Student: 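I am attaching a structure below and will ask some questions about it afterwards.
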Amino acid sequence: DTAATTPQPRLAAEEMERFLQQANIVATQSTKKGVTAAKRITLSDGRVTHDAQLQDVDIALPIFEVAPKYTEVDFKDTYRYNIAGYRLSRMLGLDNVPMSVERKVNGKPVAMTWWIDNVILDEGSRQKEHTVGPNPSRTASQIHILRVFDELIQNRDRNSGNLLWTADWKMWMIDHTRAFRLGKDLLKPDQLQRVDRAMFERMRGLTASDLTGAMEKSLTKAEIDALLARRDAIVRLFEAKVAQRGEAAVFFTLAN
């Protein structure tokens, strides 16, 4: 874990992106988690050494049967969605989805994603230990943000292993290769009870033009259209809650 524990120079966003796209791969290992064969790699440019996740899965199936009771039509599992998840998070003003960029490795496009340091537990362990950290209100607020984000991207594969908590009790949302479905209805609207005010305003202001420009090749037009339809549903839901309960009961501002 040398790359993750040795102090490194702080990188601006542009430097971090360039590092992920250009730094040499000096070591590779399996992550041992997940079903998409992601790899943990170590990158170095001679000045900075840091780990990243290399994800190259890119599957599209007309019908995907997970179990006898669950079949998904137009199934996709693709590295592109890790990049889209990061870019969308930044458009929403969030900083808890790790940077992910497209890069070619051995001639094949992949998502290269910054490895999160100082992880103390995943969401499964947090629930098992019945802990909410030193600031329960902040922890609850981060969970509300997660629920809104996952509805917006229609993430059908969120599990406790791809929610990480770092030593500062910040939640990191990782691994979005099975998100961005074409469904326009919300999956769990009852879970949407509160929302960060700044995130809500940015989400409400999203346009097809802005998303198309930001996503480049990461999302198709149909995926962007579905995202905006879900956005409209989320906005209507929270506007109704504000009318019923008042702004103070619905909006919050995440404390640092």
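Everything quoted here is computed from the prediction, not taken from an experiment.
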Student: Starting at CG of Leu182, measure out to NZ of Lys76 and round the result to the nearest 0.5 Å.
Tutor: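 Leu182 CG to Lys76 NZ: 6.5 Å, rounded to 0.5 Å.
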Student: Which heavy atom of Ser44 sits nearest a heavy atom of Gly46, and at what distance?
Tutor: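 Closest approach of Ser44 to Gly46: OG-N, 3.3 Å.
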Student: So how far is it from Arg158 CZ to Arg147 CZ, rounded to the nearest 0.5 Å?
Tutor: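 Output value for this atom pair is 12.5 Å.
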Student: Sequence neighbours left out, what pairs pass ring pair (Phe, Tyr, Trp, His ring centres under 6.0 Å) with at least one residue falling in residues 146-176?
Tutor: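 Matches after skipping sequence neighbours: Phe149-His176, Trp165-Trp169.
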Student: Of the non-hydrogen atoms in Asp168 and Arg138, which two are nearest, and what is the gap between them?
Tutor: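 Smallest heavy-atom distance, with atoms named: O-NH1, 3.5 Å.
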Student: Distance-only criterion, 3.5 Å: show the donor-acceptor pairs between side-chain atoms of residues 208-215 and protein atoms not counting sequence neighbours.
Tutor:
| from | atom 1 | to | atom 2 | distance (Å) |
| --- | --- | --- | --- | --- |
| Asp210 | OD2 | Thr207 | OG1 | 3.0 |
| Thr212 | OG1 | Ala208 | O | 2.7 |

Student: Side-chain heavy atoms nearer than 4.5 Å, only ILVMFWY residues, links allowed to pass through others: does that put Phe19 and Val105 together?
Tutor: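 Yes; tracing contacts between hydrophobic side chains, which count when under 4.5 Å, links both residues.
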Student: What verdict does the side-chain hydrogen bond (donor to acceptor under 3.5 Å, both in side chains) test give for Asn159 and Glu123, after you've listed the backbone C-alpha separation in whole Å, the side-chain angles of each residue and the deciding distance to 0.1 Å?
Tutor: CA-CA 8 Å; Asn159 60 70; Glu123 177 63 5; over 6 Å; no
Student: Examine distances only and state if a side-chain atom of Thr139 and a backbone atom of Val132 form a donor-acceptor pair shorter than 3.5 Å.
Tutor: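 Indeed, once roles are kept as given, a pair shorter than 3.5 Å links the two residues.
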Student: Between Arg40 and Gln29 (side chain of the first, backbone of the second, donor and acceptor by atom type, cut-off under 3.5 Å), is there such a pair?
Tutor: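 Not confirmed, Arg40 side chain does not pair with Gln29 backbone.
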Student: In Å, rounded to the nearest 0.5 Å, how long is the span from CD1 of Ile41 to NZ of Lys39?
Tutor: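 Going from the CD1 atom of Ile41 to the NZ atom of Lys39 covers 10.0 Å.
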Student: Kindly write out the residues that satisfy ring-ring contact (aromatic ring centres under 6.0 Å, His included) with Tyr86, not counting sequence neighbours, or none if the list is empty.
Tutor: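 Tyr86 satisfies ring-ring contact (aromatic ring centres under 6.0 Å, His included) with no residue once adjacent residues are dropped.
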Student: Look up atom CG in Asp56 and atom NZ in Lys108, then write down how far apart they are to the nearest 0.5 Å.
Tutor: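 Rounded to the nearest 0.5 Å, the CG-NZ separation comes to 4.0 Å.
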Student: So do Asn24 and Asp45 actually touch side chain to side chain, heavy atoms under 4.5 Å?
Tutor: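 Contact flag for Asp45/Asn24 side chains = no.
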Student: Taking the side chain as everything from C-beta on, heavy atoms only, tell me whether Met171 gets closer than 4.5 Å to Leu164.
Tutor: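 No, their side chains stay 4.5 Å or more apart.
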Student: Taking a hydrophobic cluster as the set of Ile, Leu, Val, Met, Phe, Trp and Tyr residues connected by side-chain heavy atoms closer than 4.5 Å, whether directly or through intermediates, do Met91 and Leu254 fall within one such cluster?
Tutor: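 Looking at the clustering, Leu254 is in the same group as Met91.
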Student: Can you give me the closest heavy-atom contact between Arg156 and Leu187, atom names plus distance?
Tutor: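 Nearest heavy atoms, Arg156 then Leu187: NH2-CD2, 4.0 Å.
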Student: Closer than 4.0 angstrom, basic N to acidic O: yes or no for Asp122 and Arg126?
Tutor: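 Looking at Asp122 and Arg126, the cut-off is not met.
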Student: Quick one: do Leu227 and Val148 end up in the same hydrophobic cluster if we chain Ile, Leu, Val, Met, Phe, Trp and Tyr together by side-chain heavy atoms under 4.5 Å apart?
Tutor: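 The answer is yes; both residues are in one hydrophobic cluster.
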Student: Which residue, Asp157, Asp77, Asn155, Thr78, forms the side chain to side chain donor-acceptor pair (under 3.5 Å) with Arg178?
Tutor: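 Checked Asp157, Asp77, Asn155, Thr78 against Arg178; only one passes side chain to side chain donor-acceptor pair (under 3.5 Å): Asp77.
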Student: Would Asn135 and Ser137 satisfy side-chain hydrogen bond (donor to acceptor under 3.5 Å, both in side chains), going step by step from the backbone distance to the final call?
Tutor: CA-CA 6 Å; Asn135 187 336; Ser137 177; 4.7 Å; no
Student: Grab the two heavy atoms, one from Ser218 and one from Arg87, that are nearest each other, plus how far apart they are.
Tutor: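 Of all heavy-atom pairs spanning Ser218 and Arg87, the closest is OG-NH1, 4.0 Å.
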Student: Are Leu146 and Leu237 connected in the hydrophobic side-chain network, where two residues link if heavy atoms are under 4.5 Å apart?
Tutor: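 Linked, Leu146 and Leu237 end up in one cluster.
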Student: Looking at side-chain heavy atoms only, is the closest gap between Gln191 and Glu151 below 4.5 Å?
Tutor: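 Sidechains of Glu151 and Gln191: no contact.
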Student: So, do Leu206 and Leu92 sit near enough that their side-chain heavy atoms are less than 4.5 Å apart?
Tutor: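 Contact flag for Leu206/Leu92 side chains = yes.
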Student: Do Val110 and Leu219 land in one hydrophobic cluster if side-chain heavy atoms of ILVMFWY residues count as linked below 4.5 Å?
Tutor: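 Yes.
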Student: side-chain contact (heavy atoms from CB on, under 4.5 Å) for Arg197 and Glu247? Distances and angles first, verdict last.
Tutor: CA-CA 9 Å; Arg197 183 185 291 273; Glu247 290 191 358; 3.1 Å; yes
Student: Take Gln127 and Ser160, measure what side-chain contact (heavy atoms from CB on, under 4.5 Å) needs, and give me the verdict at the end.
Tutor: CA-CA 9 Å; Gln127 292 182 17; Ser160 59; 5.5 Å; no
Student: Check step by step if salt bridge (charged side-chain N to carboxylate O under 4.0 Å, His left out) holds for Glu201 and Arg204.
Tutor: CA-CA 5 Å; Glu201 293 299 337; Arg204 183 160 59 180; 2.8 Å; yes
Student: For the pair Arg80 and Glu102, find out whether any cationic side-chain nitrogen is under 4.0 Å from an anionic carboxylate oxygen.
Tutor: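 Salt bridge flag = no for Glu102 with Arg80.
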Student: Check whether any side-chain heavy atom of Phe251 lies under 4.5 Å from a side-chain heavy atom of Val242, and answer yes or no.
Tutor: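 When only atoms from C-beta onward are counted, Val242 and Phe251 do touch, with a gap below 4.5 Å.
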Student: Filter on ring pair (Phe, Tyr, Trp, His ring centres under 6.0 Å), then keep only pairs touching residues 207-241, sequence neighbours left out; what's left?
Tutor: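 Residue pairs with at least one partner in residues 207-241: there are none.
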Student: Ile83 versus Val101: any side-chain heavy-atom pair under 4.5 Å?
Tutor: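 No, every pair of side-chain atoms sits at 4.5 Å or beyond.
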Student: Under 4.0 Å between a Lys/Arg side-chain N and an Asp/Glu carboxylate O for Glu15 and Arg10?
Tutor: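 No, no charged N to carboxylate O under 4.0 Å.
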Student: Is it the case that Asp175 and Gln53 place a side-chain donor and acceptor less than 3.5 Å from each other?
Tutor: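 Judged by distance alone, the side chains do pair up.
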Student: Test ring-ring contact (aromatic ring centres under 6.0 Å, His included) on His50 and Trp115; report intermediate values, then the result.
Tutor: CA-CA 8 Å; His50 198 274; Trp115 194 269; 8.8 Å; no
Student: Within the 4.5 Å heavy-atom criterion, are Gln55 and Asn82 side-chain neighbours or not?
Tutor: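 Side-chain contact under 4.5 Å: yes.
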Student: CD of Gln21 to CZ of Arg103: how many Å apart, nearest 0.5 Å?
Tutor: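 Taking CD in Gln21 and CZ in Arg103, the distance rounds to 8.5 Å.
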Student: Looking at residues at least two apart in the chain, or sitting in another chain, which of them share a ring-ring contact (aromatic ring centres under 6.0 Å, His included) with Phe252?
Tutor: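 Listed in chain order: nothing, the list is empty.
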Student: Can a salt bridge be assigned to the pair Arg181 and Glu223 using a cut-off of 4.0 Å between side-chain N and carboxylate O?
Tutor: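 Here Arg181 does not pair with Glu223 in a salt bridge, since their nearest N and O are not under 4.0 Å apart.
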Student: Assess whether side-chain contact (heavy atoms from CB on, under 4.5 Å) is satisfied between Ile59 and Val57, documenting all intermediate values.
Tutor: CA-CA 6 Å; Ile59 299 169; Val57 65; 3.8 Å; yes
Student: Answer yes or no: are there more than 12 heavy-atom neighbours, outside Asn106 itself, under 6.0 Å from its atom CG?
Tutor: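 Counting neighbours around CG of Asn106, 12 or fewer heavy atoms of other residues, nucleotides or ligands fall under 6.0 Å, so no.
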Student: Using side-chain contact (heavy atoms from CB on, under 4.5 Å), reason through Leu88 and Phe180 one step at a time and then give a plain yes or no.
Tutor: CA-CA 11 Å; Leu88 179 62; Phe180 296 99; 4.2 Å; yes
Student: Looking at Lys170 and Asp95, does any basic side-chain N land under 4.0 Å from a carboxylate oxygen?
Tutor: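 Looking at Asp95 together with Lys170, the answer is yes, because their closest N to O distance falls below 4.0 Å.
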Student: What residues form a side-chain hydrogen bond (donor to acceptor under 3.5 Å, both in side chains) with Thr113, not counting sequence neighbours?
Tutor: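 Thr113 satisfies side-chain hydrogen bond (donor to acceptor under 3.5 Å, both in side chains) with Ser100 once adjacent residues are dropped.
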Student: Would a 4.5 Å heavy-atom cut-off, applied to side chains only, mark Leu43 and Asp51 as touching?
Tutor: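 No - every pair of side-chain heavy atoms lies 4.5 Å or more apart.
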Student: Nearest 0.5 angstrom please: Thr220 OG1 to Asp225 CG, how far?
Tutor: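 Between Thr220 OG1 and Asp225 CG, I get 8.0 Å after rounding to 0.5 Å.
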